[in-house]
There are 2 protein chains.
Amino acid sequence: MTSETVQRRATGAGRLSTQDWTTRALQLLVDEGVGAVKVARLCRELGVTKGSFYWHFHDLEALKKAVADRWCAETRVALSEMASLGDLPPLERIRIMATQLVDDRSWSVERALRDWARSDEQVAATIADSEQHVFGLVQDALEQLGHDSRSARMRAGLLTYAGIGFAHGQQSLPKPTLEDIDDLVNFLSSEIEARRP
Amino acid sequence: MTSETVQRRATGAGRLSTQDWTTRALQLLVDEGVGAVKVARLCRELGVTKGSFYWHFHDLEALKKAVADRWCAETRVALSEMASLGDLPPLERIRIMATQLVDDRSWSVERALRDWARSDEQVAATIADSEQHVFGLVQDALEQLGHDSRSARMRAGLLTYAGIGFAHGQQSLPKPTLEDIDDLVNFLSSEIEARRP
DNA sequence: ACCACACCGTACCGTACGGTACGGACGTGT
DNA sequence: ACACGTCCGTACCGTACGGTACGGTGTGGT
């Protein structure tokens with residue numbers, strides 16, 4: 001039933017569902033920031049008027065909350081999929097996460113959602129959870145490689161913060177290649193050989 | 001003359017200068033994001049009306065440009081001060097940069113300005129310059145420590161991205177202590193001992 | 001004393017936006 | 001065929017905002 005509705009709206013005809021609004025709102029949010037998600041703008045892009053919007057949602061906050069709820073759910077799914085990599089060797093887990101972060105277009109929604117989090121508690125909480133989750137995965141992998149907790153904590157934090165930074169960086173710095181990622185993973189898993197005075 | 005004007009405005013009396021507007025605008029920008037810097041809001045907080053604003057600036061864009069110009073200038077000064085660390089030992093240079101990044105409150109303006117950069121070309125360009133500059137400093141320091149260019153590039157990118165990420169991260173991850181930074185710097189300057197199969 | 005200018009207040013306009021009230025079209029079950 | 005609920009269009013309101021026009025006020029120079 002819902003799939004049919006979405007299908008019809010995708011072709012331009014038919015009625016709108018809640019998901020149609022949230023998807024378009026999320027797209028607007030990613031492309032042009034929080035300030036671009038407005039009622040009139042959404043209605044114009046969906047080919048409807050405000051009468052439709054205020055039938056589906058009580059107000060703008062309700063729409064934003066729906067978007068946040070949906071994104072939080074999808075993020076939880078993605079994180080659980082990451083956790084299901086537990087049977088792979090630790091080095092491979094880290095490599096996959098690093099590669100996925102760089103290669104995927106997920107950093108664009110990451111960036112948009114992260115500045116939305118400045119004005120929305122729920123989004124901020126979900127992002128914080130996401131950070132801690134990734135950090136924990138990397139830390140566990142490093143500890144399984146024989147690193148003590150202090151070393152694993154430092155290196156996992158370094159990689160996690162670097163991932164966040166990569167999402168927010170301008171494109172001024174050279175984008176790391178697959179070889180760079182290999183170097184990086186090998187580097188992160190290496191032992192400290194000697195300290196220089 | 002200007003100092004007197006600023007002084008008097010700081011105590012509540014007197015006329016306003018251009019700097020009074022830019023400082024308050026920057027403060028608003030940092031605290032509540034780009035959407036909070038409005039004419040009426042600024043006038044209310046400065047105890048003036050719009051007649052004053054539109055005498056100092058032609059429109060809102062002019063005010064934003066003034067803020068951007070001023071911040072860009074201050075950033076250039078900070079970067080040149082960083083470059084004046086050239087005579088210090090390389091490890092110390094990296095440690096100072098890392099410590100300053102974590103300890104200082106500069107990350108709050110960093111974060112605000114970086115999402116402003118999404119809608120402003122000048123701000124985006126300045127941030128990109130800043131990134132490349134920091135990256136270059138770290139890379140040079142690592143090369144002076146004997147690392148080949150490929151290794152230095154990877155490690156400098158890792159640290160730079162981690163710095164950006166630290167500015168944008170929620171406070172969910174543990175804030176690195178001074179000891180953590182020591183570990184981090186030692187780790188970044190270490191040699192790869194052995195690769196695990 | 002007077003003038004000129006920097007600085008600001010007052011009043012006003014156009015527009016964009018969030019939100020409301022209400023009616024009409026369309027399908028669906030009986 | 002009838003009623004009912006879903007979904008949306010139309011018209012309208014209040015407000016907040018960017019911007020303009022113009023008059024007033026204080027201060028420094030001559």
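Order of the sequence lines sets the chain letters (A, B, ...), proteins ahead of strands, with each chain counted from 1. Note that the structure is a prediction, hence the values are computed from the model and not measured.
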Letter per nucleotide, 5' to 3', of nucleotides 13-19 of chain C [B base touched, S only sugar-phosphate touched, - untouched; heavy atoms, 4.0 Å]: ----SBB
When rounded to whole Å, the CG to P distance for the pair B:Asp20 and C:dC7 reads 11 Å
Report the distance from atom CZ of A:Phe57 to atom P of D:dT6, rounded to the nearest whole Å. 16 Å
Is the side chain of B:Asn186 donor-acceptor paired with the backbone N or O of B:Asp182 at a distance under 3.5 Å, no angle test? yes
Apart from A:Val77 itself, which Ile, Leu, Val, Met, Phe, Trp or Tyr residues share its cluster (side-chain heavy atoms under 4.5 Å, direct or through members)? none
Across all chains, not counting sequence neighbours, the salt bridge (charged side-chain N to carboxylate O under 4.0 Å, His left out) partners of B:Arg118 are A:Asp115
Separation of atom CH2 in B:Trp55 from atom P in C:dC8, rounded to whole Å: 8 Å
Could you pull out all residues at least two apart from A:Arg153 that satisfy salt bridge (charged side-chain N to carboxylate O under 4.0 Å, His left out)? B:Asp180
Those residues that, when tested against B:Lys50, pass salt bridge (charged side-chain N to carboxylate O under 4.0 Å, His left out) (two or more places apart): none
Calculate the interatomic distance between A:Trp21 atom CH2 and D:dC7 atom C1'; express it in whole Å. 11 Å
Identify every side-chain donor-acceptor pair in residues 51-63 of chain A under 3.5 Å, counting partners at least two apart or on other chains, and give the distances.
| residue | atom | partner | partner atom | Å |
| --- | --- | --- | --- | --- |
| A:His56 | NE2 | A:Leu16 | O | 3.3 |
| A:Asp59 | OD1 | A:Ala62 | N | 3.0 |

Check the phosphate of C:dC8 against B:His56, side-chain N and O only, distance under 4.0 Å to OP1 or OP2. Yes or no? yes
